Colleague: 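Sharing a structure below in structure tokens format, with a few things to ask.
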Amino acid sequence: MIRVRNLVKSFGDVRAVDDLSFAVGPGEIFGLLGPNGAGKTTTISVLATLLPADAGAAEVCGHDVAADPGAVRRRIGVVPQELALYEELSAEQNLATFGRLYGLEGARLKARCAELLELADLTEHARRPVKGFSGGMKRRLNIMLGLVHAPDILFLDEPTVGIDAQARTRILDLIRGMNARGLTVLYTTHYLEEAEHLCDRIGVIDHGRLAALGDKEELIQQIGEHDVVRVQLPPAAVAPAAAAAAAWPDVSSADLRRGKLEIHCRDGAALLPRLQAELAAAGLGLDQLEVIRPNLESLYLKITGRALRE
Amino acid sequence: MNAGVIRALVGLHVRQVAADRASLFWLFGMPLMFTVLMGMMFGDMNAGPREAPELTVFDGSRGPAARGLIEALGGHEAFRVVVADSAGSWETARALVDAGSRTAALHIPAAFDADLAAGRTAALSLAYDPDRASAQTARTVLEEAVLRLEFLAAGRRAAAGFDEARFDALWRDPRITLEVRTLGRLGGEPQPSALAGFSSGFQHTGPSYTLMFVLMFMLMSVRDIVTERRNGTLRRLRLAAASPWLLAVGLFLGPVVVGLAQAAVLLGLNLLLPGMDYGDSPGALVLTMVLFTAVSSALALCVATFCRTPGQADGLGMTASMLLAALGGLWWPLEVVPGFMQKIALALPTGQAVTVFHNMIGRGWGLAGNAGHLAALAAMLAALLALAAARFRRLVD
Ligand SMILES: Nc1ncnc2c1ncn2[C@@H]1O[C@H](COP(=O)(O)OP(=O)(O)OP(=O)(O)O)[C@@H](O)[C@H]1O
Ligand SMILES: [Mg+2]
């Protein structure tokens with residue numbers, strides 16, 4: 001449904017999208033995960049024919065975005081990152097306006113508006129001006145405005161920014177529901193857990209480049225990351241213990257971090273008996289111990305070098 | 001499909017305006033208040049009794065010549081003559097007018113009659129308020145009365161047996177008549193009021209304010225376009241409208257429809273006021289308003305392409321509408337400005353449109369008489385549309 005090849009887009013000196021390639025299949029929910037300024041919105045804008053690319057090619061529903069933007073637009077729905085709504089108008093008027101622009105009229109327009117209002121659980125509020133809506137309601141309407149003309153692909157640009165957990169869950173359920181009816185979704189976010197729970201496949205993007213691509217398992221394998229065993233020891237004991245542990249088989253490194261002994265190894269659980277035995281032999285008790293398995297979070301941290309919650 | 005897109009965009013604009021109280025206030029509320037006020041001020045000129053301003057006379061002489069002079073001042077609509085009990089002085093006369101309580105004050109010194117009788121030069125002083133039309137009239141009337149006395153005195157000096165009664169009779173039976181004919185459609189009809197033959201002040205300010213409010217509302221909505229670009233709805237429109245040109249046409253036509261509705265309401269309302277009409281050519285009236293509204297909308301679209309922030313839109317929009325209104329002659333008649341300013345006015349859509357209105361109302365000209373001005377408006381429209389088209393990409397990208 002979407003095929004992106006070596007896409008480049010710069011703004012002055014900033015390479016917002018830098019040699020990006022990926023593909024999205026029909027019926028898929030594809031997540032584009034990346035921190036602020038990673039190039040997510042720019043990518044969507046190029047795919048939605050709103051920005052011309054500097055180099056590379058992008059195809060949506062079999063149409064080249066540069067050569068045939070009109071055909072692409074008819075097949076896609078775009079939900080922008082910002083709340084692009086007419087605040088003075090009612091939810092119904094907002095939907096009807098875009099419905100008319102897409103050529104819907106009369107009974108068909110009415111039916112489609114009613115259907116979308118129902119889907120977004122806004123039927124009761126259909127006639128109220130949008131400016132009185134809660135953040136979650138506005139976000140849901142924002143999504144529905146991209147669906148008026150029943151597109152095959154929906155581009156969702158961070159549709160859950162700035163709303164509470166409950167409202168977010170509702171939106172994710174909504175997206176899953178639409179996906180179940182056959183809608184292909186390109187979803188951008190900087191919330192790792194959203195990508196993890198919602199998306200079939202994830203592309204991690206940073207500085208405009210694709211840093212990793214695949215489903216959850218593939219991504220974890222890609223990092224080639226190890227388990228981490230962290231042990232709390234008396235300060236004096238840490239350095240000798242680290243030196244000793246570094247020599248064990250299957251251990252890639254062992255050193256002192258934030259006052260704890262940190263051992264990187266292939267299999268943390270398998271290491272525990274030996275660790276216990278050695279500590280006992282040295283006359284040391286085991287105060288606190290944790291084994292951290294690799295997850296998307298550590299991958300994300302490793303790739304972007306930043307802890308990203310917001 | 002294409003007509004549908006444009007209809008949808010026009011409908012959107014109409015709904016937006018209708019849903020926004022501030023917009024409605026500037027569209028109809030404010031102009032209605034203005035029109036009613038104007039009507040109360042100018043409509044009154046022809047109707048209803050009014051207390052005429054007072055001309056006070058301090059007669060120190062109390063002689064026959066002074067009495068004749070005072071008599072000659074009487075009987076005018078524009079002011080009423082009140083003879084003070086005291087003889088007064090030039091200072092008192094002046095102080096009264098200065099204080100604003102009299103339109104003019106005449107001081108006749110004690111020696112007036114005696115001086116005239118003795119063949120000496122007699123002095124009169126008139127203090128008058130230059131800001132009042134009634135004072136100007138009083139001055140003219142006084143000058144005429146003085147002229148008569150002057151002739152009388154000249155006769156006395158010229159011939160010993162001068163027959164004053166015969167002179168008076170001849171003076172009252174003039175040999176020359178001056179008939180003044182006002183040109184234009186109102187000139188022929190006999191009109192009882194002091195404004196006979198002139199179009200009333202309101203006949204000109206009414207259409208001027210209508211033009212001003214249409215222009216102002218249009219330029220105020222530049223802010224809305226800029227806001228739409230900022231909040232992303234404009235981009236949504238671009239995705240939904242089949243082509244950017246359809247979007248441009250829609251963004252141009254929406255305000256035109258609203259502006260024409262506004263013009264119809266305001267021009268219609270003006271008609272309810274006394275003495276108001278727009279001449280005999282509905283075609284010229286409609287075409288002028290359509291062209292002017294279209295020019296205003298195209299201008300607003302152009303201005304929008306130069307603004308990044310709503311603040312800039314407000315600033316640029318306000319400046320443009322003030323300049324166009326002032327320079328185009330919507331605030332004061334173009335006759336009072338110097339020649340080069342009149343030329344500037346005709347280079348502006350406001351100047352052209354208001355000139356058509358003057359031609360329609362005062363002279364009764366229709367489409368043919370105004371063809372040049374209408375063509376100028378059409379040319380301005382074409383130029384602005386070309387500029388808007390050239391810069392439209394900047395607005396939506
Ligand atoms: N119109 C523009 N002009 C100049 N620079 C831009 C423009 N749009 C984006 N950029 C820059 O391009 C880079 C990528 O921006 P983009 O908006 O695509 O990131 P993003 O991943 O959507 O970030 P966010 O999570 O904050 O929305 C950023 O450095 C941004 O400053
Ligand atoms: Mg973004």
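Here the structure is a predicted model, which means the values were calculated and not measured. The sequence lines fix the lettering, A, B, ..., with proteins before strands; numbering per chain opens at 1.
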Colleague: So what's closer than 4.5 Å to chain A heavy atoms on Leu237(B): side chain, backbone, both or neither?
Modeller: both

Colleague: Between chain B and each of Ala96(A), Pro80(A), Ser90(A), Gly146(A), count heavy-atom pairs under 4.5 Å; write down the option with the most.
Modeller: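 Looking at each option in turn, the highest pair count goes to Pro80(A).
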
Colleague: Counting only non-hydrogen atoms closer than 4.5 Å, does Asn142(A) touch chain B with its backbone (N, CA, C, O), its side chain (CB onward), both, or neither?
Modeller: both

Colleague: For Pro151(A) versus Gly77(A), what's the shortest heavy-atom pair and its separation?
Modeller: CB-N, 3.3 Å

Colleague: Are there residues of residues 19-31 of chain A whose heavy atoms fall under 4.5 Å of chain B's heavy atoms? If so, which?
Modeller: none

Colleague: Heavy-atom pairs under 4.5 Å with chain A: which of Ala8(B), Ala241(B), Gly250(B) has the most?
Modeller: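 Option with the top pair count is Ala8(B).
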
Colleague: For the backbone of His190(A) and the side chain of Lys40(A), can you confirm whether one donor and one acceptor N or O come within less than 3.5 Å of each other?
Modeller: no

Colleague: Ignoring hydrogens and angles, tell me if any N or O in the side chain of Tyr278(B) forms a donor-acceptor pair with the backbone of Leu267(B) under 3.5 Å.
Modeller: yes

Colleague: Can you tell me if Tyr187(A) and Glu194(A) form a side-chain donor-acceptor pair at under 3.5 Å?
Modeller: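 Glu194(A) and Tyr187(A) do have a side-chain donor-acceptor pair below 3.5 Å.
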
Colleague: Report yes if the side chains of Met1(A) and Val60(A) come closer than 4.5 Å at any heavy-atom pair, otherwise no.
Modeller: no

Colleague: By a 4.5 Å heavy-atom criterion (distance strictly below it), what part of Gln93(A) contacts chain B: side chain, backbone, both, or neither?
Modeller: side chain

Colleague: Using the benzene-type ring in the case of Trp, are the ring centres of Phe34(B) and Phe213(B) under 6.0 Å apart?
Modeller: yes

Colleague: Angle class for the His149(A)/Tyr102(A) ring planes (parallel below 30°, perpendicular above 60°, tilted otherwise)?
Modeller: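 Plane angle under 30°, so parallel.
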
Colleague: Check whether NZ of the Lys or CZ of the Arg Lys9(A) lies under 6.0 Å from the centre of the six-membered ring of Phe11(A) and within 45 degrees of that ring's axis.
Modeller: yes

Colleague: Check whether Gln81(A) gets within reach of chain B through its side chain, its backbone, both or neither, counting any heavy atom under 4.5 Å.
Modeller: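 When you check distances to chain B, no heavy atom of Gln81(A) falls under 4.5 Å.
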
Colleague: Are the side chains of Val354(B) and Pro207(B) in touch, meaning some heavy atoms are under 4.5 Å apart?
Modeller: no

Colleague: Given heavy-atom pairs under 4.5 angstrom as the criterion, report whether the side chain, backbone, both or neither of Arg7(B) touches chain A.
Modeller: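 When you check distances to chain A, only side chain atoms of Arg7(B) fall under 4.5 Å.
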
Colleague: When you measure from the centre of the six-membered ring of Tyr191(A), is the NZ or CZ of Arg168(A) under 6.0 Å away and within 45° of the axis?
Modeller: yes

Colleague: Is Leu51(A) close to chain B through its backbone or its side chain, or both, or neither, when contacts mean heavy atoms under 4.5 Å?
Modeller: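 No part of it gets close to chain B.
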
